[in-house]
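Notes follow the structure.
Note that the coordinates shown come from a computational prediction; the quantities given were computed from them, not determined experimentally. Both counts, for ligands and for their atoms, begin at 1 and track the order of listing. Because only heavy atoms are used, hydrogens play no part in the values below, and waters and symmetry mates are left out as well, while side chains stay in.
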Amino acid sequence: MKPVEKNFAWNRGFPSVFRPRKVQTMASDGCYPESDRRPNPRSRRSVSHGGTVHRRRTERWPATRRPVETIGSALAAVSFVSRPKHSSGKRNREQQPSMTSHRIYLIGYRGTGKTTVGKMIAEQTGGTFVDLDAEIERISNQTIQEIFRDSGEAVFRDRETECLTTVAADQVGTADAPQVVSLGGGVILRPQNRVVIEETGWCVCLTAAAKTLVDRISQDRTTSDKRPALTDLSPEQEVAHLLSERDPLYREAADVLISTDGKTPQAVAEEIIHCWQSGDDPAN
Ligand SMILES: Nc1ncnc2c1ncn2[C@@H]1O[C@H](COP(=O)(O)OP(=O)(O)OP(=O)(O)O)[C@@H](O)[C@H]1O
Ligand SMILES: O=C(O)C1=C[C@@H](O)[C@@H](O)[C@H](O)C1
Ligand SMILES: [Mg+2]
């Protein structure tokens, strides 16, 4: 079921202008066929509009999907997706008994602010913070750029799943001081990652218009180390096409969508903290 949105503009302005140069079908692990990979990451892949969309949650928990409601003016850009409860300590354990951790996952495309906002939430709630990309770099002793260059995206995705699984296994955080985990922009590509996210935390998806993302990514000083090209398209084309491919997956994984356009990271952090502390969908 699709979330109702406000200020949600991933694909705005990019419908037919930017066509992929070559269309490939994304495999279920979120990567492209090995045979199509070339050594240089910048020329390694093109993008697909036809990537597989896995409908895991509607198949597993059809009864828990509910219509989405937007909420009042203070949180006008927040959309609630259909999970029954989140993990702020008021989770309905009968419905999802495996959920015992107090964890906020942040997902969203590169540049939506997951790392920046995640740190703020942890600081302001007294919780702990984990950045999954930083964990992957730590266990690899390489930057993400170097992992892509030396080992390829498939190895990066394997390490991403490994790190996510490790982090998710910890029973950490409290309702007042949650563990905040900022995930990589592509973590939602693998169905198994989405299951882990679903079962071990409350998931907030940050969004922004494609142009906003291109601007933030190009201006961020960590981009050369952390954001290798994912296609051989221009930055603008890459963002537009990957957003269109990932959009359904972000929505599937998210409990809440929050637009970050025109908001400071602090304002975004406050929205998320407010939602977390309110303990349930405010519209209910
Ligand atoms: N709400 C915002 N307004 C303006 N700039 C922002 C906002 N959020 C983040 N930024 C800036 O965008 C850049 C990317 O932010 P950040 O690294 O937090 O994104 P990310 O979602 O973690 O990206 P990635 O998926 O690549 O790790 C940084 O320079 C950050 O300061
Ligand atoms: O969007 C993506 O696929 C990525 C986003 C970053 O967070 C990193 O995880 C890496 O650069 C891949
Ligand atoms: Mg980040």
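Partners of Arg110 according to the salt bridge (Lys or Arg N to Asp or Glu O under 4.0 Å) rule, which considers only residues two or more places apart in sequence or in another chain, are Glu238.
A donor-acceptor pair is defined here as one N or O able to donate and one able to accept, closer than 3.5 Å; such a pair exists between the side chain of Asn193 and the backbone of Val187. Lys114 places no side-chain N or O within 3.5 Å of a backbone atom of Leu206 that could act as its donor or acceptor partner. For Tyr250 (side chain) and Gly185 (main-chain N/O), a donor-acceptor pair under 3.5 Å exists by modelled atom type.
Looking only at heavy atoms of the protein, atom 11 (C) of ligand 1 is closest to Arg216 CD, 4.0 Å. In terms of protein heavy atoms, atom 25 (O) of ligand 1 is closest to Lys114 NZ, 2.6 Å. Nearest to atom 19 (O) of ligand 1 among the protein's heavy atoms is Gly113 N, 3.3 Å. With respect to atom 15 (O) of ligand 1, the closest heavy atom belonging to the protein is Thr116 OG1, 3.6 Å. The protein heavy atom nearest to atom 11 (O) of ligand 2 is Lys226 O, 2.7 Å. Atom 9 (O) of ligand 2 has as its closest protein heavy atom Asp133 OD1, 2.6 Å. With respect to atom 13 (C) of ligand 1, the closest heavy atom belonging to the protein is Asp220 OD1, 3.8 Å. Distance from atom 4 (C) of ligand 2 to its nearest protein heavy atom, with residue and atom name: Arg110 NE, 3.4 Å.
A salt bridge links Asp158 with Arg190: at least one charged nitrogen is closer than 4.0 Å to a carboxylate oxygen. With respect to the salt-bridge test (charged N to carboxylate O, under 4.0 angstrom), the residues Arg227 and Asp220 qualify. A salt bridge links Arg157 with Glu160; the closest basic N to acidic carboxylate O contact falls under 4.0 Å.
Here the closest non-hydrogen pair linking Cys163 and Ile136 is SG-CG1, 3.8 Å. Of all the heavy atoms in Pro235 and Val214, the pair that sits closest is O-CG2, 4.1 Å. In plain terms, the two heavy atoms of Cys275 and Trp202 that are nearest each other are CB-CH2, 3.6 Å.
Which parts of ligand 1 touch Tyr109 is read off a 4.0 Å heavy-atom cut-off, strictly below it: atoms 21 (O). Taking a cut-off of under 4.0 Å to the non-hydrogen atoms of Gly184, the atoms of ligand 2 that pass are 7 (O), 9 (O). Each of the atoms 21 (O) of ligand 1 lies under 4.0 Å from some heavy atom of Thr112. Close approach of ligand 1 to Asp133 (heavy-atom distance below 4.0 Å) involves ligand atoms 27 (O). Against a heavy-atom cut-off of under 4.0 Å, Lys263 is close to the following atoms of ligand 1: 1 (N), 2 (C), 3 (N). The distance from ligand 2 to the heavy atoms of Pro228 drops below 4.0 Å at these ligand atoms: 11 (O). Taking a cut-off of under 4.0 Å to the non-hydrogen atoms of Thr264, the atoms of ligand 1 that pass are 1 (N).
A heavy-atom separation below 4.0 Å is found between Pro265 and ligand 1. Within the 4.0 Å heavy-atom cutoff, Tyr109 does not count among the residues contacting ligand 2. Residue contact check for ligand 1: Gly111 places a non-hydrogen atom closer than 4.0 Å to it. At least one heavy atom of Arg246 sits closer than 4.0 Å to an atom of ligand 2. The shell of residues lying under 4.0 angstrom from ligand 2, judged by heavy atoms, excludes Gln145.
When the side chains of ILVMFWY residues are joined at heavy-atom separations under 4.5 Å, either directly or via intervening members, Met120 and Ile258 end up in two distinct hydrophobic clusters.
Distance check for Thr115 against the Mg ion (ligand 3): an N/O/S atom falls below 2.8 Å.
When only interatomic distances are considered, the shortest N/O to N/O separation between Leu230 and ligand 2 does not fall below 3.5 Å.
Counting heavy atoms closer than 4.0 Å to ligand 2, residue Ile136 contributes nothing at all. The residue Lys114 has no part lying near ligand 2, judged by heavy-atom distances below 4.0 Å. In Arg157, the part holding a heavy atom less than 4.0 Å from any atom of ligand 2 is the side chain.
Ring planes of His102 and Trp276: perpendicular class, angle over 60° (limits at 30 and 60°).
Using a 3.5 Å distance cut-off with no hydrogens or angles, the side chains of Arg216 and Thr260 do pair a donor with an acceptor. Side-chain polar atoms of Asp170 and Gln179 form no donor-acceptor pair below 3.5 angstrom. Judged by distance alone, the side chains of Glu270 and Gln124 never bring a donor and an acceptor atom under 3.5 Å apart.
Compare Arg227, Gln219, Arg221 by their heavy atoms: the one nearest to atom 17 (O) of ligand 1 is in Arg227.
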